[in-house]
Amino acid sequence: MFFKHIRPASSLSPVQKQFLASLTKIVGTHNIITNPKQMGFFCKGFRYGSGKAIAVVQPKTLLEQWQVVKACVEADVIIIMQAANTGLTGGSTPDGNDYDRDIVLINTMKMKKIYLLNDAKQVVCLPGATLNELEKKLKPYHREPHSVIGSSCIGASVLGGICNNSGGALVQRGPAYTEMALYAQYTKEGKLELVNHLGIDLGKTPEEILTRLENGIFDAAHVPETEKHCSDHHYIDHVCQVDAPTPARYNANPSHLHEASGCAGKLAIFAVRLDSFPQEQNTKVFYIGTNQADDLTQIRYDLLSQHIVPISGEYIHKDAYDIAAIYGKDTFLFIHFFGTDHIPLLFSLKNRFDYFAQKFKFLPEHLSDKVMQWASKIFPQHLPKRMNEYAKNYQHHLLLKVGNTDTSKIRSYLTQFIKDHPSFHFFECNTSEGRKAFLQRFAVAGAAVRYRAIHHKTIENILALDIALRRNDRNWVENLPEEIERKCLHKLYYGHFFCHVFHQDYIIRKGCDIFKLEEEMLKILDQRGAEYPAEHNVGHLYHAKDNLKNFYQELDPNNTFNPGIGKTSKLKNWKQ
């Protein structure tokens, strides 16, 4: 850190001073921040939410994390667990300042170890391990993690995906899920327990278990097999049930709420055990364009009903494509020339720069975004000619990435399909076009945020919805009432089409009440039988439904960990 960590002593009570001294003794002075002016980088969400904490603690070892959690529980202090802080709904930061106890934010990013089990068929990840790091670690074994582009590029943690039931673009894998984790739970009886469900014998006491895991003192090459699942083994069959009247995956799905999976920070997680997946070889990308949404509906229905499941099936609306071609260009170019390895560092440096620049009132708002947007204009056209031609002519775009065994099937199917659907066209991407097509899809995800930064004086904000439609819903194109439509300057629709999961970013005109507008939007989604959020966790933006709230209360009966998540109670013992 380049700043001073220590809070002015005069602002603390004697009890707070003694408590912070105990935390400092555990992690050392360089791994605790108590100065309110220096905690903003951790206490402000990646896209949403912020609040105050009494300290930000960065343990270096699992044992230190246990000791910090234990000290917080004994002091009756709220604990918010945080990894990379890349979430979109504010779920890993404080939300306002209306809590009834002091807050300690435990950032776990200094514990990054990854252990490969049984010839890399499974992995054990510590709290700070990122998807990007896991992807690199598995690459020599020709295997890959649950997600390989998207959150992985911005440095999201592996544990964050598990805790939030994160989805992803890979149709065959479903939400991030495991039944095997090592975690601490504060019970109703007021006892802090360390629960080892990793299926690895690490000893009996917390000190022994955590120290042996930290140091890799176990036989990683011969870890016993188990009947417990470390990924969603049933998702392919589930997503192929195209006549089912329920969504394929969504955050509050009871079948994916299990201990660490979906816990949203209501437990202190120390490690998770996960499956890895064989890396697909000789893939092919088909780029589809049409002005009839029913064409894409039929393609999805036909392929999934025959259990032909592509690796990825990503949807982009023309408006989202056009916005991303301008406001996602620098992200596209950076990944194209430098790969994904340096993206987490870029985002981290950008966030630190923005936080630092805010202190100087004479500097313009969103300075880093404006500099990067200006720099992107220097570069020539970056998107392939055929993709841009489709963007001119077609409203709906579908990217199909398929494995070698399905290439000929899908080629034959699309060739026959085009004969009966004159508004439908497709081409087979060469290697460069295929890579750039999915880079453009990734760039779409951040385009609205960049647009807001550049045009912040003329727009109110972004209303970002993350929804899961029913698997049998053929009317997936949204039609908004006129009173809502006129409040939207732009609407960006994109998503994981074969899972029927859509991201809908609305750029709202200045002066509109965005919270009231969100409530109106959610009522429409309720009428359509949609579930939300689909893969980003409720955070502090969405109401947790009853089954999800009950799950949180079972995990954390005293409401010590991350209170207020899902707009639930922030008070001790879940008082209202």
Side-chain angles (χ1 to χ4, degrees), residues 144 147-150 167-174 235-244 248-249 277-318 321 384 386-387 389-391 393-442 444 469 471-474 476 494-502:
E144 58 189 21
S147 299
V148 295
I149 192 167
L170 303 179
V171 184
Q172 301 168 7
R173 297 184 190 170
Y235 187 73
I236 289 183
D237 291 333
H238 185 70
V239 78
C240 286
Q241 295 171 15
V242 287
D243 291 316
R249 56 180 168 93
F277 303 86
Q279 197 174 56
E280 290 278 0
Q281 304 294 326
N282 303 316
T283 59
K284 172 67 71 174
V285 175
F286 295 89
Y287 200 102
I288 296 167
T290 181
N291 287 316
Q292 299 296 325
D294 288 345
D295 289 346
L296 302 189
T297 304
Q298 193 63 47
I299 290 170
R300 175 182 172 272
Y301 186 90
D302 290 346
L303 293 181
L304 291 183
S305 62
Q306 298 176 57
H307 275 68
I308 301 174
V309 185
I311 297 169
S312 184
E314 292 295 287
Y315 172 76
I316 310 175
H317 188 273
K318 170 183 166 54
Y321 182 103
R386 289 200 288 183
M387 285 170 53
E389 285 297 320
Y390 270 46
N393 295 313
Y394 304 114
Q395 291 289 313
H396 307 289
H397 298 226
L398 180 64
L399 285 59
L400 283 185
K401 183 177 183 180
V402 300
N404 189 48
T405 56
D406 289 330
T407 297
S408 59
K409 295 178 189 176
I410 290 182
R411 181 186 293 118
S412 298
Y413 169 79
L414 294 177
T415 302
Q416 181 62 39
F417 190 88
I418 201 172
K419 296 177 181 178
D420 302 320
H421 299 81
S423 65
F424 168 87
H425 289 82
F426 79 96
F427 66 86
E428 293 187 35
C429 296
N430 59 37
T431 302
S432 175
E433 289 173 326
R435 183 171 184 271
K436 289 182 177 180
F438 277 88
L439 277 183
Q440 172 68 349
R441 164 60 184 87
F442 174 69
V444 168
L469 298 181
R471 283 168 285 174
N472 68 346
D473 194 343
R474 288 177 170 253
W476 54 273
Y494 55 100
H496 315 307
F497 188 69
F498 277 66
C499 297
H500 252 199
V501 167
F502 292 88

Sequence-distant partners of [X], side chain to side chain donor-acceptor pair (under 3.5 Å), two or more places apart:
X: D420; answer: none
X: R441; answer: E314
X: T283; answer: none
X: Q172; answer: none

(Q) Quick one: does any side-chain atom of K318 pair with a main-chain N or O of A391 as donor and acceptor, under 3.5 Å? (A)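 Yes, K318 side chain to A391 backbone: donor-acceptor pair under 3.5 Å.
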Q) Under 3.5 Å, side chain of N291 to main-chain N/O of Q395, donor-acceptor pair present? A)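 Yes, the answer is positive, given that a donor and an acceptor are paired below the 3.5 Å cut-off.
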Q. With sequence neighbours left out, which residue pairs that include part of residues 277-303 fulfil the salt bridge (charged side-chain N to carboxylate O under 4.0 Å, His left out) condition?
A.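 Listed once each, the pairs are K284-E428.
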What closest approach, in Å, do [X] and [Y] show between heavy atoms, and which atom pair accounts for it?
X: F497; Y: T297; result: CZ-N, 4.1 Å
X: D406; Y: V309; result: OD2-O, 3.9 Å
X: P310; Y: I308; result: CD-O, 3.6 Å
X: T290; Y: Q292; result: OG1-N, 3.0 Å
X: G313; Y: V171; result: N-CG2, 3.7 Å
X: G167; Y: S147; result: O-OG, 3.6 Å

Q. Who passes salt bridge (charged side-chain N to carboxylate O under 4.0 Å, His left out) against R249, sequence neighbours left out?
A.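 For R249, the residues satisfying salt bridge (charged side-chain N to carboxylate O under 4.0 Å, His left out) (neighbours in sequence not counted) are E535.
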**Q.** Partner residues of R474 under the salt bridge (charged side-chain N to carboxylate O under 4.0 Å, His left out) criterion, sequence neighbours left out
**A.**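 Residues passing salt bridge (charged side-chain N to carboxylate O under 4.0 Å, His left out) with R474: none at all.
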Which residues pass the side chain to side chain contact (heavy atoms under 4.5 Å, CB included) test with [X], sequence neighbours left out?
X: V285; answer: K401, C429, F438
X: T415; answer: R411, F426
X: A248; answer: Y235, H238, V239, R471

Q.
Looking only at side-chain N and O atoms, does D243 offer a donor or acceptor that is under 3.5 Å from a partner on Y301?
A.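 Result is yes, a qualifying pair exists.
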Below 4.5 Å, heavy atoms only, C-beta onward: do [X] and [Y] meet side chain to side chain?
X: H425; Y: E389; result: no
X: Q241; Y: L304; result: no
X: L296; Y: W476; result: yes
X: L303; Y: L400; result: yes

Q.
Restricting to ring-ring contact (aromatic ring centres under 6.0 Å, His included), what partner residues turn up for F427, sequence neighbours left out?
A.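 If we apply the ring-ring contact (aromatic ring centres under 6.0 Å, His included) test to F427, skipping adjacent residues, the hits are Y287, Y390.
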Q) Considering residues at least two apart in sequence or located in another chain, which fulfil the ring-ring contact (aromatic ring centres under 6.0 Å, His included) criterion with Y321? A)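 Testing Y321 for ring-ring contact (aromatic ring centres under 6.0 Å, His included), a comparison that skips the adjacent residues, returns H397.
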Separation of [Y] [atom2] from [X] [atom1] (nearest 0.5 Å):
X: I418; Y: F424; atom1: CD1; atom2: CZ; answer: 6.0 Å
X: R173; Y: I311; atom1: CZ; atom2: CD1; answer: 8.5 Å
X: T407; Y: F286; atom1: OG1; atom2: CZ; answer: 5.5 Å
X: S423; Y: N393; atom1: OG; atom2: CG; answer: 12.0 Å

Q.
Determine whether the aromatic ring centres of residues F498 and H496 are separated by less than 6.0 angstrom.
A.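 Centroid separation for H496 and F498: 6.0 Å or greater.
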